[in-house]
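A quick write-up on the structure given underneath.
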2 protein chains.
Amino acid sequence: MSTIDFAYSRDANTKADPAAEIHPCSACTVRTLTVCAALEAEELRRLAEILQTTRFDPGHTVFGEGEPAETLYNVTSGTVKVYKLLPDGRRQITGFLLPGDFFGLSVNDSYAYTAETVTPVSLCRFPRRRMEALLDEFPKMQRRLFSMASNELAAAQDQMLLLGRKTAKEKICSFLLLLSQRASRRGHKTNPVHVPMSRADIADYLGLTTETVSRTFTQLKTSRVISLLEGNKVQIQDMDDLLDLAEGA
Amino acid sequence: MSTIDFAYSRDANTKADPAAEIHPCSACTVRTLTVCAALEAEELRRLAEILQTTRFDPGHTVFGEGEPAETLYNVTSGTVKVYKLLPDGRRQITGFLLPGDFFGLSVNDSYAYTAETVTPVSLCRFPRRRMEALLDEFPKMQRRLFSMASNELAAAQDQMLLLGRKTAKEKICSFLLLLSQRASRRGHKTNPVHVPMSRADIADYLGLTTETVSRTFTQLKTSRVISLLEGNKVQIQDMDDLLDLAEGA
DNA sequence: CGCCCACCATGATCTAGATCAAAGAATATT
DNA sequence: AATATTCTTTGATCTAGATCATGGTGGGCG
């Protein structure tokens, strides 16, 4: 959910084992190194000790809303969606997690949302109790975590503005812009931007229906704002155009 | 934005001076005491030193989006709204702050939203730099702040579900329920619940128009779910009813 | 006391986006 | 290669809530 600047950005290309197999996670250790940039060698060694990586297929539920929150996750590769449901099945996706993002943090004892993989995903697991112990020992990590939560909060407020007040077209443009910006922060190319999630997922993220998402994409394509490329890529024709469209300016 | 459980809950009834007058804030010191429950006497003394209280009239802008974030605020009495604007003036209120709530925290150097008073308000000010220094010294405060941010994040996700997927009726019912719950957590009576903000503010919080808010209130009144009392109070007839209506169950 | 002005309610109408329906297009399965 | 399955696009229609318009109401102030 939170995006962090990493000194490096390539993901672990370890041809990892099928779902649920577990092994130590060296890539994530490096990530964590950056997260806790100021940590001492000893502290890093201790952190690395508790890290494990797991690989999941698309459509796998990592954890469900209400389950006891025993693990903090970091995305090593792939995309994860987190969402909340209403009793009748209406769904709101509250975030897409990309490599480098953390999720599963909870101050209560249970998860407040469901987390599900969108693509094949590698996750680095931080057992909650051991993580908390580390936090007590190393205030710098605490601080970093707080700053991550604050960033997420700011993003959440942007999303509220989007959900409450933007039109369908503005929502789609904002979404593409967001993906592009996040790609840039992770050191990937921002244009064309990779859109790994389905129309239905985009709809549930933006408070729309799949039909409206689809129609809006064709509309943007027709008016030469974007073009749709092979492999779920979207080419943005004019970034400034898109920026204006995203804010209704 | 965040709600915290306080050992005590009555607000400072000090007949304070007109807008912008400043004096030491003893009530807030007590609040902060609870926030940092585990702090030592010396730590508390240091905190009390940096606190100041200011009183504002309704409709006063405490700070605007984009201004340098130099102060963290705690609501001593009254109600504050925080919102974001689109270039053409569309507004999304992202939260109402009640006594005990903090706002104005920013990891960046500028505020991400505008904060404006709804009722007469007393605010306790925490200068940012001195606050940060204290946080460095006392990790427990850092921890408490993190937990507050996490709670706010969970609330933000609930609000996204509301904005993206709920009907007007469900939104209004959820809103009343939220006010009631927050009143309860602050040790006030939960029914009838005090609704200090205008229809327009409620509309901008729920992603509706004033007309729809008004219509929905009368609709709920007609169907005997609530009744509107004197002094901006709303009597909830059946709490369970309301809870079902809020989730579309 | 009564006038004003901002808030609130309610009616009439409109429309963005939902819903319903069905035909392509892509991907997986046998 | 043929077939099932799921995702996407597009069309036709409907509707919740927006917009436009107007009158009611209550609290502040001369």
Side-chain angles (χ1 to χ4, degrees), chain A residues 57-59 79 81 86 88-93 116 118-120 162-175 195-223 226-234 245 248, chain B residues 57-59 79 81 86 88-92 116-120 162-175 195-223 226-234 245 248:
Chain A
D57 286 332
T79 303
K81 62 189 172 196
L86 287 172
D88 64 359
R90 278 173 288 170
R91 185 176 70 150
Q92 179 65 42
I93 292 181
E116 190 180 321
V118 173
T119 63
L162 177 147
L163 289 170
R165 291 301 181 211
K166 289 189 181 178
T167 65
K169 193 196 261 190
E170 287 162 2
K171 285 176 176 182
I172 297 285
C173 291
S174 301
F175 178 64
V195 182
M197 59 292 284
S198 70
R199 297 288 182 260
D201 282 347
I202 297 173
D204 281 346
Y205 181 62
L206 300 177
L208 299 170
T209 58
T210 54
E211 291 94 331
T212 300
V213 171
S214 188
R215 272 186 252 271
T216 307
F217 266 110
T218 39
Q219 190 186 328
L220 290 173
K221 196 175 57 179
T222 306
S223 55
I226 60 170
S227 42
L228 306 179
L229 309 181
E230 287 297 295
N232 299 319
K233 292 244 187 327
V234 174
L245 285 173
Chain B
D57 285 332
T79 304
K81 62 190 173 196
L86 287 172
D88 64 359
R90 278 173 288 170
R91 186 175 69 148
Q92 179 67 41
E116 189 180 323
T117 57
V118 172
T119 64
L162 177 148
L163 289 169
R165 290 302 181 209
K166 289 188 182 179
T167 66
K169 193 196 263 192
E170 287 162 2
K171 285 176 176 181
I172 296 285
C173 292
S174 300
F175 178 64
V195 182
M197 58 293 283
S198 70
R199 298 286 183 263
D201 282 347
I202 297 174
D204 281 347
Y205 181 61
L206 300 177
L208 300 170
T209 58
T210 55
E211 292 94 328
T212 300
V213 171
S214 190
R215 273 186 251 273
T216 308
F217 266 112
T218 39
Q219 192 186 328
L220 290 174
K221 197 174 57 177
T222 306
S223 54
I226 59 170
S227 41
L228 306 179
L229 309 182
E230 287 296 294
N232 299 319
K233 293 242 186 332
V234 174
L245 285 172

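Naming: A, B, ... by sequence-line order, numbering from 1 per chain.
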Base-contact (B) and sugar-phosphate-only (S) positions in nucleotides 13-20 of chain D, heavy-atom cut-off under 4.0 Å, - elsewhere: ----SSBB

Protein within reach of the bases, or only the backbone? For nucleotides 25-30 of chain D, mark each nucleotide 5' to 3' as B, S or -, using heavy atoms under 4.0 Å. ------

Salt bridge (Lys or Arg N to Asp or Glu O under 4.0 Å) partners for B:Glu170, two or more places apart: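 For B:Glu170 the salt bridge (Lys or Arg N to Asp or Glu O under 4.0 Å) partners, ignoring immediate neighbours, are A:Arg90.
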
What bend angle does the helix from C:dC1-D:dG30 to C:dT30-D:dA1 show across its length, from five-pair end axes and to the nearest 10 degrees?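 The angle, to the nearest 10 degrees, is 40°.
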
Could you give the distance from CG (A:Leu206) to CD1 (A:Ile93), rounded to the nearest 0.5 Å?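 Reported to 0.5 Å precision, the distance equals 9.0 Å.
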
Considering residues at least two apart in sequence or located in another chain, which fulfil the side-chain hydrogen bond (donor to acceptor under 3.5 Å, both in side chains) criterion with [X]?
X: B:Ser174; value: B:Lys166
X: B:Lys81; value: B:Asp201
X: B:Arg215; value: none
X: A:Thr119; value: none

Side chains of B:Asn232 and B:Pro196, heavy atoms from C-beta outward: is any pair under 4.5 Å?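 They are not in side-chain contact.
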
Interatomic distance where [atom1] belongs to [X] and [atom2] belongs to [N] [whole Å]:
X: A:Phe217; N: D:dT8; atom1: CZ; atom2: P; result: 10 Å
X: A:Asp201; N: D:dT6; atom1: CG; atom2: P; result: 15 Å
X: B:Asn232; N: C:dC8; atom1: CG; atom2: C1'; result: 11 Å
X: A:Arg199; N: C:dT27; atom1: CZ; atom2: P; result: 13 Å

For C:dT10, does either OP1 or OP2 sit under 4.0 Å from a side-chain N or O belonging to B:Thr218?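 For B:Thr218, the contact criterion (side-chain N or O under 4.0 Å from OP1 or OP2 of C:dT10) is met.
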
Classify B:Ser214 by what it touches in the nucleic acid, base, sugar-phosphate, or nothing, heavy-atom distance under 4.0 Å.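 The answer is base, as B:Ser214 lies within the cut-off (heavy atoms under 4.0 Å) of a base atom.
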
Test of understanding: with ring-ring contact (aromatic ring centres under 6.0 Å, His included), list the residues that count as partners of B:Phe175, not counting sequence neighbours.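 B:Phe175 satisfies ring-ring contact (aromatic ring centres under 6.0 Å, His included) with B:Tyr205 only.
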
Within residues 203-213 of chain A or reaching into it, pairs that qualify as salt bridge (charged side-chain N to carboxylate O under 4.0 Å, His left out) - sequence neighbours excluded: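 Listed once each, the pairs are A:Arg91-A:Asp204, A:Asp204-B:Arg165.
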
Check side-chain contact (heavy atoms from CB on, under 4.5 Å) between B:Lys221 and all other residues, then give those that pass, not counting sequence neighbours.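 For B:Lys221 the side-chain contact (heavy atoms from CB on, under 4.5 Å) partners, ignoring immediate neighbours, are B:Thr218, B:Leu228.
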
Exercise: identify the closest heavy-atom pair between A:Cys173 and A:Leu245: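 A:Cys173 and A:Leu245 have their closest heavy atoms at SG-CB, 3.6 Å.
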
